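Have a look at the structure below, then the notes.
Everything numeric here is computed off the predicted structure, so don't read it as measured data. Sequence lines set the chain letters: A, B, ... in the order given, protein chains first and strands last, and positions in each chain run from 1. Both backbone and side-chain heavy atoms feed into the values below; hydrogens, waters and symmetry mates do not.
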There are 2 protein chains.
Amino acid sequence: MARAVPETHAEILTAAARRFASTGYKGTSLQDIAGEVGCSKATVLYHFASKEALLTELMAPAIAVLVGLDARIAEQQRGADAQRVAGEGFVDLAVRFRREIALLRGEFTELLQQPAFVHIRQISDRLIDALAGRPDRPSARIAALVVLAGIAETCAEFIDIPDDELRPALLAVVQRALEPVT
Amino acid sequence: MARAVPETHAEILTAAARRFASTGYKGTSLQDIAGEVGCSKATVLYHFASKEALLTELMAPAIAVLVGLDARIAEQQRGADAQRVAGEGFVDLAVRFRREIALLRGEFTELLQQPAFVHIRQISDRLIDALAGRPDRPSARIAALVVLAGIAETCAEFIDIPDDELRPALLAVVQRALEPVT
DNA sequence: AGCATGCCTGACCGATCGGTCAGGTGCTGA
DNA sequence: TCAGCACCTGACCGATCGGTCAGGCATGCT
């Protein structure tokens, strides 16, 4: 199919985002993506070195923001401040990158095992510590993980409701659920 | 391999549970399971009609308890009672069937789409309504989903810590996180 | 005109998947 | 002794996966 302007690269990216978000990374084949774009599978692999490269490019913006959040948390001196920054920051991130979170549905833990994503795992560990407030208390860490995972899943589920309906509700539940830092 | 007592059926079941829990349903091949048991893939399919049949048998006890919980919630007259029963009941269920939850990691939403699991989807909808207390309030539903998904993921993650450390912490976070029914 | 380059494709590759099948083996009861 | 049955297996099947490759087809520069 001859195209006036070769915008195929971007088309593949958005088609992949849509498909990954609804069927998951493993559950989506390059054939699926190619079919949705209206090109051949070979074309997808002409524009992207591999399926994983496609995922990486798709996740890049979200990861960049996550790294930024990690840095902002590290700046805080008091535990209570770190907890607040982590909570609000993660809610913002999750709401904003709902689609990216949805495409990792369930495969998140598995993908984190791969060597390429080690630093993401470290960041999420620090995020849980910050949310827990007192990481030495197991119950605080448990509450933090419930909040973290719950927000992620909820954002992936409520993918269509407006941001300003989702965000306040999430901020409220975060504030209630976490153990306060005394 | 000749076996004195053919306990292969049970061995396959436990091996499958272990593998599914660590690699996920889709991420585990019949070959993997056969390898762990020390038999051939054909033997696995001799004992179980299909891979899906294996999953179904593995999930049966957890599903039975879930159905029971659903019935107990329906018995409650007051919203506050339904909320309490749902919260405590789901925590108990999640802690008890951590392994089963872990093996659905991320594929839960996807598996629920299949016609065979429609009633499970209906039950989880009612569970969210009960947890929300006032299902008409979007913020209450959001809080309920955060709690539900967060607990599930947390139980799958903390698969090795003792029950009586996990359960109280979860019950506490549930009580804090949900919107009270006034 | 001729050549290089960007974009795209069909055909093909090896690997792996879930599942089938004919047949082998060893125990058991008649 | 032998038929029958439960248990198990290797070989094989079609489908699908991610990925490779040689070549076709425009377009634009020299």
Side-chain angles (χ1 to χ4, degrees), chain A residues 1-20 22-59 103-107 110-111 113-117, chain B residues 1-20 22-59 103-107 110-111 113-117:
Chain A
M1 185 183 298
R3 313 189 158 276
V5 179
E7 55 192 8
T8 317
H9 189 95
E11 279 181 35
I12 292 172
L13 218 45
T14 66
R18 209 160 31 228
R19 282 295 208 156
F20 284 160
S22 73
T23 334
Y25 176 69
K26 275 192 304 185
T28 301
S29 69
L30 296 177
Q31 198 70 257
D32 291 335
I33 299 169
E36 189 154 327
V37 174
C39 67
S40 75
K41 186 181 64 170
T43 299
V44 174
L45 286 162
Y46 168 77
H47 286 279
F48 298 90
S50 66
K51 191 186 180 185
E52 195 184 332
L54 225 181
L55 177 66
T56 304
E57 189 162 330
L58 225 38
M59 296 298 294
L103 71 83
L104 289 182
R105 208 75 95 105
E107 292 155 323
E110 193 172 343
L111 287 172
Q113 309 297 345
Q114 296 184 4
F117 291 97
Chain B
M1 186 184 301
R3 313 189 156 279
V5 179
E7 55 192 8
T8 317
H9 188 96
E11 279 181 35
I12 291 172
L13 219 44
T14 66
R18 209 162 31 232
R19 281 296 207 157
F20 284 161
S22 75
T23 334
Y25 176 69
K26 275 192 305 185
T28 302
S29 69
L30 295 177
Q31 198 70 258
D32 290 335
I33 298 169
E36 188 153 327
V37 173
C39 68
S40 74
K41 187 181 65 171
T43 300
V44 174
L45 287 163
Y46 169 77
H47 286 281
F48 299 90
S50 66
K51 190 186 180 186
E52 194 184 333
L54 227 180
L55 177 66
T56 304
E57 189 163 330
L58 224 39
M59 296 298 295
L103 72 82
L104 289 182
R105 208 79 93 103
E107 293 155 323
E110 194 172 344
L111 287 173
Q113 310 296 344
Q114 296 183 4
F117 292 96

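With sequence neighbours excluded, the residues that form a side chain to side chain contact (heavy atoms under 4.5 Å, CB included) with B:A49 are B:A53. Qualifying side chain to side chain contact (heavy atoms under 4.5 Å, CB included) partners for A:L58, counting only residues two or more places apart in sequence or in other chains: A:L13, A:A16, A:A17, A:F20, A:L103. For B:T56, there are no side-chain hydrogen bond (donor to acceptor under 3.5 Å, both in side chains) partners at least two apart in sequence or on another chain. Partners of A:K26 under the salt bridge (Lys or Arg N to Asp or Glu O under 4.0 Å) rule, at least two apart in sequence or in another chain, are A:E110.
A:L45 comes within contact range of at least one nucleobase, with a heavy-atom separation under 4.0 Å.
In this structure, CD of B:E7 is placed 15 Å from C1' of D:dC8, rounded to the nearest angstrom. The distance from atom CD of B:E11 to atom C1' of D:dC7 is 13 Å, rounded to the nearest whole Å.
Between A:Y46 and B:S29, the one whose closest nucleotide on DNA chain C sits nearer the 5' end is A:Y46. Checking A:D32 against A:A49, the closest nucleotide of DNA chain D that is more toward the 5' end is the one next to A:D32.
Within the structure, side chain to side chain donor-acceptor pair (under 3.5 Å) contacts touching residues 34-46 of chain B (residues at least two apart or in different chains) are B:R18-B:E36, B:R19-B:E36, B:S40-B:T43.
Here NE2 of A:H47 is found 11.5 Å from CD of A:E57. Values are rounded to the nearest 0.5 Å.
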Write out a two-atom table: protein N or O, nucleotide N or O from nucleotides 10-14 of chain C, distance below 3.5 Å.
none

